[in-house]
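Written out below as C-alpha cells is the structure these notes cover.
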Amino acid sequence: MTSTQRLAFLKGHGTENDFVIVPDPDGRLDLPATAVARICDRRAGLGGDGLLRVVRSAAHPEARAQADEAEWFMDYRNGDGSIAEMCGNGVRVFARYLLHAGLVEAGDLAIATRAGVRRVHVAKTGDVTVSMGRAVLPEDSVVVTVDGRGRPSTNVNMGNPHAVVFVDDLAHAGDLLAVPPFGPASVYPDGVNIEFVVDRGPRHVAMRVHERGSGETRSCGTGACAVAVATARRDGAAPAETGTPVTYRVDVLGGSLSITEQPDGTVEMTGPAEIVAEGTFDPAWLTAALA
C-alpha cells in the first residue's frame, strides 16, 4: 500500500450494530489488528463495532475450501482488531453490501464465514434473513456476577460462544464497558459474548450484550439467536421434539430481531441491514495505520 493509492470503504449497520466495510475482492490487503482497531476507533477513525473485509473465497486461505459453495467470504474482525468466527448482524450487512455493489442478485445466496457457509435471503429492500446454522448447548456453564450477585448462565454456541443470563432488570448489568466477571474462566478460553435478558411478554424478550472484543454494542445477531434458543429451553420449547418451529422477538438497543428455531435445529434470523455511507480512506492516514 503506497500513499498514492486510495482504498474504498462503506459504513453499514444492522439494528445499529455498525461496521466498516472494506472491499478487497482479490485478497491483496493485509489488515493487521492494530490497523483494524484504528479504523474502528470512534474518535480517531471511522468508528465501528467491527470490520467486514469482502474477499472472494477462492482468494482467502481460510475460505478456499468453501469456494465451490460460496463465492464471497466475510473476513470479520472485532472492533479491537481480533478475529471472530461469526457475526449475525455482520452477515446481513455483508449481504446488503453485495447487492448494493451489484455483485449478487436479490434472492438467495451463500456467504462463507469462519463458522461455515451461511445461507441468506436478501430482498431488494427491507429485511435480510440468515440461516444461522444449529445452536450447540455445551454442558459446561459459568456463573456471571450481576449487580454483585452470581447468576447462572446458559452456554450456547452459534459458531461463536455465548453465555446467556436471565436478570430482573437490564440496568443491573451495569455499563458493560469491561467484561462482566464470570467463572470458571476455563469454560471460555478464548473469551465469550455475554447476554443479559429480561422478559417483555409471550415469546418476547429484551437483551443487552457485552461483545467479546468490542464491549457493549447496540445489537448482536448471534447473541439474539443464542438468547432465543436459551429462552425456548427455559420455557420448555424444543422444536426438535415437538416438530413445531418456535419464534421469539428479541429487542436489542438498536431495534428488534425475529429469531425462529426450526424442528431440524436450524436457527433463522430476520432483521434490517442498511448501507449508510461510502468513500475512500485518506491515503496518508491509511498508510500510517497499516504501518
Fill in: Verdict with reasoning, V136 to V156, per side-chain contact (heavy atoms from CB on, under 4.5 Å)
CA-CA 6 Å; V136 176; V156 183; over 6 Å; no
Worksheet item: With a 4.0 Å cut-off, would you call D199 and R234 a salt bridge?
Response: yes
Item to complete: Considering only NZ, NE, NH1 and NH2 on the basic side and carboxylate oxygens on the acidic side, decide whether E71 and R56 come within less than 4.0 Å.
Response: yes
Fill in: Over 12 non-hydrogen atoms of neighbours within 6.0 angstrom of CD in E62
yes
Worksheet item: Will you find, in the side chains of D80 and S82, an N or O donor that is under 3.5 Å from an N or O acceptor?
Response: yes
Discussion item. Hydrophobic cluster membership, with links at side-chain heavy-atom distances under 4.5 Å among I/L/V/M/F/W/Y: are M269 and L99 in one?
Written reply: yes
Worksheet item: Between OG of S131 and CG of D108, what distance do you get to the nearest 0.5 Å?
Response: 10.5 Å
Worksheet item: Quick one: are N89 and T15 in side-chain contact, heavy atoms under 4.5 Å?
Response: yes
Item to complete: Say whether, by atom type as modelled, one donor and one acceptor occur between the side chain of R92 and the main chain of V122 under 3.5 angstrom.
Response: no
Discussion item. I want to check a possible cation-pi pair here: R6 against F281, using under 6.0 Å from ring centre and within 45° of the ring axis as the test.
Written reply: no
Worksheet entry | Under 3.5 Å: donor-acceptor pair, side chain of T266, backbone of Q262 | no
Practice prompt. Would you mind checking if R218 and E16 are paired as a salt bridge, meaning a charged N to carboxylate O distance below 4.0 Å?
Written response: yes
Practice prompt. Decide whether Q66 and S57 meet the rule of one side-chain donor and one side-chain acceptor closer than 3.5 Å.
Written response: no
Worksheet entry | T247 side chain reached by I259 side chain, heavy atoms, under 4.5 Å | no
Fill in: Pairwise side-chain contact, L253 with E216, heavy-atom cut-off 4.5 Å (strictly under)
yes
Worksheet item: Are D235 and R233 within salt-bridge range, i.e. N to O under 4.0 Å?
Response: no
Practice prompt. Output all residues satisfying salt bridge (Lys or Arg N to Asp or Glu O under 4.0 Å) with D168, sequence neighbours left out; order by chain, then residue number.
Written response: R151
Worksheet item: Salt bridge check: are D175 and R208 linked by an N-O gap of less than 4.0 Å?
Response: no
Worksheet item: Just wondering, do H100 and L98 contact through their side chains at under 4.5 Å, heavy atoms?
Response: no
Worksheet item: Is the shortest distance from a Lys or Arg side-chain nitrogen in R119 or E69 to a carboxylate oxygen in the other one below 4.0 Å?
Response: yes
Discussion item. Determine whether a donor-acceptor pair (N or O, by modelled atom type, separation under 3.5 Å) exists between the side chain of D24 and the backbone of V55.
Written reply: no
Worksheet item: Side-chain donor-acceptor pair under 3.5 Å between D251 and S256, yes or no?
Response: yes
Worksheet item: Cluster question for you: counting only ILVMFWY and a side-chain heavy-atom cut-off of under 4.5 Å, with indirect links fine, are F9 and L52 together?
Response: no
Discussion item. Within the structure provided, determine whether V143 and T145 are in side-chain contact (heavy-atom separation under 4.5 Å).
Written reply: no
Discussion item. For the backbone of S214 and the side chain of N78, can you confirm whether one donor and one acceptor N or O come within less than 3.5 Å of each other?
Written reply: no
Worksheet item: For residues 48-70, which residue pairs qualify under ring pair (Phe, Tyr, Trp, His ring centres under 6.0 Å), counting only residues two or more places apart or in two chains?
Response: H60-F73
Worksheet entry | Side chain proximity check, M132 to T222, heavy atoms < 4.5 angstrom | yes
Worksheet entry | SB check D127 R96 (cutoff 4.0 Å) | no
Practice prompt. For the pair T113 (side chain) and G116 (backbone), establish whether a donor and an acceptor sit closer than 3.5 Å, ignoring hydrogens and angles.
Written response: yes
Worksheet item: Is there a side-chain contact between R77 and R53 (heavy atoms, below 4.5 Å)?
Response: yes
Fill in: Pair E274 + K11: basic N to acidic O under 4.0 Å
no
Worksheet item: Can you tell me how far CG of L46 sits from CZ of F19, rounded to the nearest 0.5 angstrom?
Response: 14.5 Å
Item to complete: Would you check if F94 and C87 make a side-chain contact, meaning some heavy-atom pair closer than 4.5 Å?
Response: no
Discussion item. Tell me whether D169 contacts the main-chain N or O of A171 through its side chain, where contact means a donor paired with an acceptor under 3.5 Å.
Written reply: yes
Item to complete: Among Ile, Leu, Val, Met, Phe, Trp and Tyr joined by side-chain contacts under 4.5 Å, find the other residues sharing a cluster with V165 and list them by chain and number.
Response: V142, V144, V146, V167, L170, L176, V179, F182, V187, Y188, V192, I194, F196, V198
